[in-house]
Amino acid sequence: MSFIELTHVKKAFAERVAVEDFNLQAEQGEFISFLGPSGCGKTTTLRIIAGFELPTSGNVTLAGQDMTFTPPNRRKVGMVFQSYALFPNMTVAENIGYGLKIAGTDRSEIRKRVDDMLVLIHMEEFANRFPAQLSGGQQQRVALARALAFKPQALLLDEPLSALDAKIRVELRQEIRRIQQQLEITTIYVTHDQEEALSLSDRIVVMSQGRMEQVGTPYEIYKMPATEFVASFVGHLNLLPVKSFNPSEQRADLNGLSIIYGRIAEKFSPEKPCLAVRPEEINPGHVEGQNNLNGVVESIHYLGSIIRIRVNSNGSVFIMDQFNDYRLTIPRVGDMYAFHFPIEACWLL
Ligand SMILES: Nc1ncnc2c1ncn2[C@@H]1O[C@H](COP(=O)(O)OP(=O)(O)OP(=O)(O)O)[C@@H](O)[C@H]1O
Ligand SMILES: [Mg+2]
C-alpha cells in the first residue's frame, strides 16, 4: 500500500487554479521530488499534504488513512522550510526538543531524543549554541533535526537548501539523503533545481502550471522526457524546428538539412514538430551511419569540466557539450566545424 496518496487533488485560490488533477502514490521510504519553475504549484501541493492548506477537491491519504481534513498537528509529518525558521532565543537543543515539549513528552525522553538527533546531524558539540552562532548550513541541519525529533511518518521539505551557497548545498543534500535512507522515512522534496532533483530522488514529479507533466525515475525523466516542457526544463536540449518529415523513412528536414531520427515522442505535436537532441550526444567529426553535419562556430563557453560550443548549420543552431579533457581540440569562433550525432540520440517532439 502507498504511504502518501493524493487523488485528483485540486486547489484554486479564488478564480486562480494553483494545482489541478494531482495524483501521486508515494511508497513507504521513497524519496520523491516535486520539480518545476516558480509558481507551478509545488509549495501549494506540499502544504496540502502537510495540512496547512485544504484542497478545493480531491483526497489526501497518509498511511492508509484519509487525512484530507485532518489538522497539521495530527498528521505526523515533519516539515522543513526554505528559511531556517529556528527560534532565535532558544539553543540548538531547545529548538530540536521544542515539538516534544509542546506535546508534553517527559524531560528525560526529550533529552535522549535531542541527543540522538544531534548525533544524526553530526552536531553533538553545538547543543548549547544559539541560531545566530551557526552557519546557514548548520541552521538547516537543526531545522531538519527539529522536524524529525517527534518521529514523523513522513518528511516534507520545501526548497530547504535554496538560501545556501552552492558548495554547502551539495554537501547538505547528500546529508539529507543519508539521513532519509537511514531512517527510511517517506520524503517529499520541493525544488526548482533539476540537479538536486536528479541526484537525490527515487522518483521525480515534474510540474508545470499546476499540472503534473511527468512522473518517473531520474533516468526516465532525463532520457525519456514525455513532453517538450520536461525535455527543456530538465537538462539542456537542442530543439530545432522541422520543416517537414517522413515517418516511413524516419527522416526530417531542417532548413534543407536531412536528419534521420530514432523515434517520435509519445506526446508529439504534429502542428509544431521539432527535432530534439541533447548537447552531450553531439561530437566532433563525421562517423559513418550517423547524422553528419557541418557548420560555423558561433560561440564557445567554458563551463569548467565542460565546454559548450554553438555551431550554426544552415541556420539551425546546435549546442554541443564536450568534456574539457586533453584530447579536445577547441575550435575558434568562425571556424567551419564538422560534427555528428547518433540516430538513436535524436527524436521528434
Ligand atoms: N494563499 C494564496 N492565495 C492566492 N494565490 C496563491 C496563494 N498561494 C499560492 N498562490 C498562487 O498559486 C500558484 C502556485 O503557488 P506555489 O507557491 O505553490 O508555487 P511554487 O511552485 O511553490 O513556486 P516557487 O518556486 O516560487 O516557490 C502561484 O500562482 C501563486 O501565486
Ligand atoms: Mg514554493
Side-chain angles (χ1 to χ4, degrees), residues 4-24 26 31-60 62 67-72 75 77-86 136 139-140 143-144 146-147 154-166 168-170 172-173 176 180 186-201 203-216 218 221 225-235:
I4 301 176
E5 237 180 297
L6 279 75
T7 315
H8 300 305
V9 164
K10 173 180 175 172
K11 178 69 187 180
F13 295 105
E15 300 291 274
R16 205 182 140 57
V17 177
V19 178
E20 184 134 61
D21 201 21
F22 199 98
N23 295 285
L24 178 70
F31 192 116
I32 294 187
S33 293
F34 292 173
L35 173 67
S38 185
C40 72
K42 305 181 294 294
T43 296
T44 304
T45 311
L46 201 72
R47 287 171 58 82
I48 289 171
I49 299 171
F52 295 121
E53 209 79 72
L54 280 183
T56 310
S57 57
N59 288 83
V60 178
L62 298 175
M67 295 265 174
T68 315
F69 301 104
T70 307
R75 291 197 186 198
V77 298
M79 191 141 173
V80 179
F81 302 91
Q82 175 178 4
S83 54
Y84 320 124
L86 297 177
Q139 289 185 50
Q140 233 16 3
L144 181 65
R146 189 178 58 179
L155 177 63
L156 309 178
L157 305 118
D158 192 356
E159 311 234 14
L161 308 180
S162 56
L164 305 172
D165 67 52
I168 305 292
R169 272 213 306 269
V170 173
L172 205 47
R173 80 180 184 215
I176 289 175
Q180 185 267 337
T186 312
T187 299
I188 310 257
Y189 187 97
V190 162
T191 181
H192 58 256
D193 181 333
Q194 42 151 322
E195 195 186 296
E196 233 168 71
L198 290 169
S199 68
L200 279 173
S201 318
R203 284 192 298 157
I204 301 172
V205 178
V206 183
M207 297 177 64
S208 161
Q209 299 183 6
R211 289 182 171 277
M212 309 172 87
E213 285 276 326
Q214 188 173 356
V215 184
I221 297 286
T227 64
E228 182 183 332
F229 178 84
V230 176
S232 322
F233 190 76
V234 182

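Note that the structure is predicted; figures quoted are calculated from it, not measured. One-based numbering, in listed order, for ligands and for the atoms of each.
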Anything under 3.5 Å between a donor and an acceptor, one on a side chain of residues 45-53, the other on a protein residue two or more places apart or in another chain? List them.
{"from": "T45", "atom 1": "OG1", "to": "G41", "atom 2": "O", "distance (Å)": "2.7"}
{"from": "R47", "atom 1": "NE", "to": "E53", "atom 2": "OE1", "distance (Å)": "3.1"}

- Item | Partners passing salt bridge (charged side-chain N to carboxylate O under 4.0 Å, His left out) against E228 (at least two apart in sequence or in another chain) | K272
- Message: Tell me which residues fall inside the under-4.0 Å heavy-atom shell around ligand 1.
- Response: F13, R16, A18, P37, S38, G39, C40, G41, K42, T43, T44, E159
- Task: Specify the closest pair of heavy atoms between Q139 and L86, including all atoms of both residues, with the distance to one decimal.
- Result: O-CD1, 3.6 Å
- The side chain to side chain contact (heavy atoms under 4.5 Å, CB included) partner of L161 among I176, V80, V170 is I176
- side chain to side chain contact (heavy atoms under 4.5 Å, CB included) test vs F22 passes for just one of T7, L6, T44, namely L6
- Task: Kindly confirm whether the Mg ion (ligand 2) is within less than 2.8 Å of some N/O/S atom in T43?
- Result: yes
- Task: Just jot down the side chain to side chain contact (heavy atoms under 4.5 Å, CB included) partners of E195, sequence neighbours excluded, or say none.
- Result: R173, D193
